[in-house]
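A quick note: this is a predicted structure, and the numbers were derived from the prediction, not measured. Nothing fancy with the numbering, it's 1 onward along the sequence.
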Amino acid sequence: MIDAHVHFRSLPDGGPGSESSGENLGAGYKVVQWICMLDYEGTRQAWVFFPVWEPITQESLDVVKRAMETYPDRFVPFIMPPDDDGSSDGFPTVDAVELERMLSVYPGMFQGYGEIGLYPRQDGAPELPPDSSRLNEIYPVVSRHNLVVYFHPGEDQWESFGRVLDANPGITFVFHGDHWIDCSTCDRTPRRVAEILEKHPNAYYGVDELYGNEFLMRPEVSKEQFITHFADYGPLLEKDLANWKEFIERHPDQVLWDTDRGVGAPWSLDLEVALTLNDYSRAFIGRLDPSVQEKFAYRNAEKIFGNRATTDAAPMK
């Protein structure tokens with residue numbers, strides 16, 4: 001199994017003397033907790049989104065460097081660089097110049113760019129269409145650094161996304177999220193997602209909705225509620241298979257297993273939670289066509305990156 005969607009906590013970003021939140025890396029969390037989670041459930045590797053922003057850019061990059069030196073085969077590192085996205089005049093990503101500066105600190109360290117949420121934030125940054133001028137200036141940077149792009153698109157962005165995929169055939173794009181499925185103008189099916197995959201071979205979709213049609217990695221859900229939710233696999237599998245089995249089997253080479261965990265709920269790294277989620281995911285995968293099971297579980301993720309982590313990357317200095 002390769003989990004294609006795991007978030008890392010950020011470092012505290014206050015000034016000297018400010019209090020650190022227990023939710024921050026180095027305060028309430030340590031890198032080894034992500035490794036323990038993967039080890040306990042039996043997941044070989046994870047695509048990890050490392051947050052990097054001012055005023056802790058260098059410190060954040062140093063965290064990634066140390067993590068990759070200590071666990072070189074466990075994480076596929078993505079740079080996730082928001083630009084004050086909690087503000088109404090902010091953006092979900094830094095601009096091309098700043099991204100280039102960040103990537104140049106330790107050349108070759110990152111293999112991906114994302115996750116970038118393109119939807120509007122409540123009381124924060126507005127939506128950012130995939131073909132916006134900011135992102136169009138970023139794609140050459142991404143291409144130059146040989147990065148995979150991971151997006152969470154907003155509602156009604158499929159035409160914009162399609163134009164970007166057409167214009168950048170040499171870039172691999174992965175996307176996920178329910179904004180094209182569970183919205184006021186959607187038909188509650190992966191139809192829009194399927195259309196993108198069928199028209200664009202450089203697009204992949206991460207399926208992290210395997211909770212019996214209810215995403216549970218939310219702060220208002222408790223660990224106990226999460227565990228109880230999976231007490232009876234039968235009804236949950238029936239719902240998930242109805243929603244996703246045909247879609248996955250019709251696009252066997254463009255779908256990935258992922259979980260979207262690590263930040264959304266404070267208990268998402270808990271070992272009991274990890275094993276519960278992983279066991280259920282394996283039960284779901286076991287009910288897919290045998291020819292698709294390994295592709296969905298890990299082979300498609302391997303195919304995207306291959307051996308670039310050890311063969312193409314420039315040495316970190």
Side-chain angles (χ1 to χ4, degrees), residues 1-13 20-52 60 63-64 67 71 74-80 82 85-86 112 114-117 119 121-122 150 152 174-179 182 206-231 233 236 240 256-285 297-298 301:
M1 301 281 278
I2 294 178
D3 188 343
H5 195 128
V6 172
H7 287 272
F8 245 60
R9 298 270 175 172
S10 68
L11 292 169
D13 60 0
S20 298
S21 168
E23 298 298 307
N24 290 127
L25 191 67
Y29 292 86
K30 298 180 179 180
V31 174
V32 71
Q33 288 177 258
W34 278 260
I35 295 297
C36 289
M37 175 187 73
L38 299 178
D39 285 347
Y40 193 75
E41 70 185 27
T43 295
R44 177 163 58 86
Q45 191 178 61
W47 295 7
V48 175
F49 307 135
F50 288 94
V52 179
S60 300
V63 165
V64 185
Y71 308 106
R74 305 306 302 279
F75 302 141
V76 177
F78 282 65
I79 184 170
M80 189 178 73
D85 61 346
E115 173 197 15
I116 309 300
Y119 50 83
R121 273 68 165 163
Q122 185 175 0
Y150 204 118
H152 184 148
V174 184
F175 65 109
H176 94 121
D178 61 355
H179 283 75
D182 186 17
V207 179
D208 54 37
E209 294 90 346
L210 302 181
Y211 298 84
N213 211 27
E214 180 183 2
F215 185 71
L216 297 172
M217 292 290 179
R218 312 191 312 272
E220 64 269 23
V221 177
S222 69
K223 170 191 169 181
E224 292 71 26
Q225 288 173 314
F226 181 92
I227 299 296
T228 301
H229 180 80
F230 288 97
Y233 281 9
L236 302 182
D240 284 334
L256 310 164
W257 172 70
D258 66 38
T259 61
D260 196 1
R261 54 182 163 166
V263 171
W267 41 263
S268 63
L269 300 179
D270 181 271
L271 299 185
E272 187 178 4
V273 168
L275 191 60
T276 298
L277 178 57
N278 195 274
D279 283 352
Y280 180 77
S281 297
R282 290 173 185 269
F284 172 86
I285 293 170
Y298 70 95

Cationic tip of R121 above Y119 ring, under 6.0 Å, 45° of axis: yes

Which atom of G262 lies closest to which atom of L269, heavy atoms considered: CA-CD2, 3.9 Å

Any donor-acceptor N/O pair, H5 side chain to R261 backbone, under 3.5 Å: no

Between CD on residue Q33 and CG on residue L38, distance to nearest 0.5 Å: 12.0 Å

Validation row: V6, W47 side chains within 4.5 angstrom (heavy atoms): no

Centroid-centroid distance, F226 to F230, less than 6.0 Å: yes

Side chains of D3 and T259, donor plus acceptor under 3.5 Å: yes

Nearest-0.5 Å distance that lies between atom CE in M1 and atom CZ in R44: 11.5 Å

Beyond-backbone contact of Y280 with L236, side-chain heavy atoms, under 4.5 angstrom: yes

Closest contact, heavy atoms only, D258 versus G206: OD2-CA, 3.1 Å

Distance, nearest 0.5 Å, that separates CG of N24 from CG of L11: 7.5 Å

Pair H176-E209, side-chain donor/acceptor within less than 3.5 Å: no

Polar side chain donor-acceptor pair, Y233 to D240, under 3.5 angstrom: no

Spacing of H7 atom NE2 and F78 atom CZ [to the nearest 0.5 Å]: 11.0 Å

Whether F8 and F75 hold their rings parallel, tilted or perpendicular, with breakpoints at 30° and 60°: perpendicular

Flag side-chain contact, heavy atom, 4.5 Å: D208 against W257: no

Side chain to side chain contact (heavy atoms under 4.5 Å, CB included) between V273 and K223, worked out: CA-CA 7 Å; V273 168; K223 170 191 169 181; 3.8 Å; yes

Side chain proximity check, N278 to T43, heavy atoms < 4.5 angstrom: yes

Pairwise distance CZ(F215) to CE(M217) - rounded to 0.5 angstrom: 6.5 Å

Aromatic centroids of F49 and Y150 separated by under 6.0 Å: yes

From CA spacing to verdict: side chain to side chain contact (heavy atoms under 4.5 Å, CB included), L25, W34: CA-CA 11 Å; L25 191 67; W34 278 260; 3.9 Å; yes

Side chain to side chain contact (heavy atoms under 4.5 Å, CB included) between L271 and C36, intermediate numbers included: CA-CA 8 Å; L271 299 185; C36 289; 4.3 Å; yes

Non-hydrogen atoms of A301 and L256 that approach each other most closely: N-CD2, 3.5 Å

Neighbour count above 12 (heavy atom, 6.0 Å) for E220 CD: yes

Pairing residues for Y29 by the side chain to side chain donor-acceptor pair (under 3.5 Å) criterion, not counting sequence neighbours: R9

Side chain to side chain, V64 and P77, heavy atoms closer than 4.5 Å: yes

Check: Q45 and V76 side chains under 4.5 Å, non-hydrogen atoms: yes

Rounded distance (nearest 0.5 Å) linking atom CZ of F50 with atom OG of S60: 10.5 Å

Nearest heavy atoms of G264 and P219, plus distance in Å: O-CD, 3.1 Å

Between W267 and S222: side-chain donor-acceptor atoms closer than 3.5 Å: no

salt_bridge(D39, R74) N-O dist < 4.0 Å: yes

CA sep, side-chain torsions, deciding dist, call: I227, E272, side chain to side chain contact (heavy atoms under 4.5 Å, CB included): CA-CA 8 Å; I227 299 296; E272 187 178 4; 3.9 Å; yes

